[in-house]
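This one's a predicted model, so the numbers in the text were calculated from it and none came from an experiment. Atoms within each ligand, like the ligands themselves, are counted from 1 in listed order.
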Amino acid sequence: MISNKKALEMIDVISNMFPNAECELVHDNPFELTIAVLLSAQTTDISVNKLTNTLFQKYKTPEDYLNVELSELENDIKTIGLYRNKAKNIQKLCQSLLIKYNGKIPETHQELESLAGVGRKTANVVMSVAFGEPSLAVDTHVERVSKRLGICRWKDNVRQVEDKICKVVPRERWNKTHHQLIFFGRYHCLARSPKCDICPLLEDCREGQKRYKASLKEA
Ligand code: SF4
């Protein structure tokens, strides 16, 4: 694993590449954001935005999601993956929101994570994006990028990845860094075809070096 100093230098390079990175899930309030994050599991933000563009016109409150049969909600979100599970989770979330918090999204990590269907990643995104509280959610992009660069170990779980990045990056930068790492993974260090040949981090990146050497052998 690389030193904290080196890790921060790498993250600084990524920050400079994507200075304007931000949440790409379209939403108007914390409730819509929470629903959008639940819908986004293993699906692109583009697909979620396409869906929520109409979904949020029909469903505005937790009651709205509970006033329909599960099959109707499933039908309304069936354009995205895992829609059956997601429909079930949305109704469970809305039920627990009404029971515990009067239908309002709570503003602490602990309360958010007490809601059905809300895990640490979702809670971190909501705390950061909706309430501006320093948090660093680890999604598939953040995990892949930080492991490829050697900031974390391959065997680290998502909580260990989160802890490591939060140790390296100053707290006031956590929210921005979260989006910048996502943009870097989404648009540059892609899962299947990372752009190593034009990457400013190639020299120091263990995964990039491995790929570069393999490509030389193939040539
Ligand atoms: S060198 Fe390749 S694998 Fe490494 S960070 Fe850059 S794009 Fe990703």
Presence of salt bridge, Asp163 and Arg159, under 4.0 angstrom: yes
Is it true that Arg186 and Glu24 make a salt bridge, defined as a side-chain N closer than 4.0 Å to a carboxylate O? yes
I'd like to know if Lys78 pairs up with Glu74 as an ion pair, taking the criterion as any Lys NZ or Arg NE/NH1/NH2 lying under 4.0 Å from an Asp or Glu carboxylate oxygen. no
Look at Lys164 together with Asp156 and state whether they make a salt bridge at an N to O cut-off of under 4.0 Å. no
Answer yes or no: is there an ion pair linking Glu107 with Lys104, defined by an N-O contact shorter than 4.0 Å? yes
Listed as residue and atom, the protein N/O/S atoms under 2.8 Å from atom 8 (Fe) of ligand 1 are Cys189 SG
Going by an N to O cut-off under 4.0 Å, is there a salt bridge joining Lys121 and Asp139? no
